[in-house]
Amino acid sequence: AQSVTQLGSHVSVSEGALVLLRCNYSSSVPPYLFWYVQYPNQGLQLLLKYTSAATLVKGINGFEAEFKKSETSFHLTKPSAHMSDAAEYFCAVENAGNMLTFGGGTRLMVKP
Amino acid sequence: EAGVAQSPRYKIIEKRQSVAFWCNPISGHATLYWYQQILGQGPKLLIQFQNNGVVDDSQLPKDRFSAERLKGVDSTLKIQPAKLEDSAVYLCASSLVISGGNQETQYFGPGTRLLVL
């Protein structure tokens, strides 16, 4: 089964700084990849998804991610962090039958 | 459009007791998923239904966990008897029907937070 690894369980940035959350996948074929965000005491909300149409994927709230096959990566970025971006972010890969396998998550903290 | 509904939002029980969680998916979504999210970890799929049939339950601890979706809409996840290690958030998600080669976005409910003492 395909899997994803998120590097860094905690990331701290200052408000207005670049956000970079790392995700690497293991797959022998181009996978479907996702980023979800989870705010405290809430379910997961889809930020963006890669389905092989374009390598640069734009999502909600100003986030985007780039699929790099040579690096088996799908890192999430946002040019300027906002306090409201503080949350937990999960990278996920789709396995057969539309089943998702999630990474361990990265908690993003935004300092004023 | 209403989202995925789950109840209760919080539950505290003692070990060896039983507990049940309820999920109502988005209207028209044929596929329903239950995930377990232990504190500090990503969600782990427990079981997947398409309509009222089980697609995958390979990670469901069947000695104590059971789930059903009798009429292909609402679903119930039960734990009997509960253990300390079952303390987690139980997330329900739904998507349109699985179709070969097509990826259908999963929409998640707010979850039920279970604490087993």
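Every chain is numbered from 1 and lettered A, B, ... according to where its sequence line falls, protein lines coming before strand lines.
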Measure distances from A/Q6 to the heavy atoms of chain B and classify the residue's part below 4.5 Å as side chain, backbone, both or neither. neither
OG1 (B/T105) and OH (A/Y36) are apart, to the nearest 0.5 Å, by 6.0 Å
Group every Ile, Leu, Val, Met, Phe, Trp and Tyr by side-chain heavy-atom contacts under 4.5 Å, then state whether A/M83 and A/Y39 land in the same group. yes
Region of A/L46 in contact with chain B, defined by heavy-atom distances below 4.5 Å: side chain
Around B/Q80, counting heavy atoms of other residues, nucleotides and ligands shown, do more than 12 lie under 6.0 Å from its CD? no
A/V57 with A/V19, same ILVMFWY side-chain cluster at under 4.5 Å: yes
When clusters are formed by joining ILVMFWY residues with side-chain heavy atoms under 4.5 Å apart, either directly or through shared neighbours, do A/L44 and A/L76 land in the same one? no
When rounded to the nearest 0.5 angstrom, what is the spacing between CD in B/Q106 and NZ in A/K49? 10.5 Å
Does any heavy atom of chain A fall under 4.5 Å from the side chain of B/Q37, the backbone, both, or neither of them? side chain
Is it the backbone or the side chain of B/Y107 that comes under 4.5 Å from a heavy atom of chain A, or both, or neither? neither
If you group Ile, Leu, Val, Met, Phe, Trp and Tyr by side-chain heavy-atom gaps below 4.5 Å, do A/F102 and A/Y25 land in one group? no
Atom of B/Q48, atom of A/M99 and distance for their closest heavy-atom approach: OE1-CG, 2.6 Å
Nearest-0.5 Å distance that lies between atom OH in B/Y35 and atom CG in A/L100: 4.0 Å
Flag yes if A/F74 and A/I60 sit in one hydrophobic cluster, no otherwise; membership is Ile, Leu, Val, Met, Phe, Trp, Tyr, and two members link when side-chain heavy atoms are under 4.5 Å apart. yes
Is it the case that atom CG in B/L84 sees more than 12 heavy atoms from other parts of the structure closer than 6.0 Å? yes
Can B/R113 and A/N41 be counted as having a side-chain donor-acceptor contact under 3.5 angstrom? yes
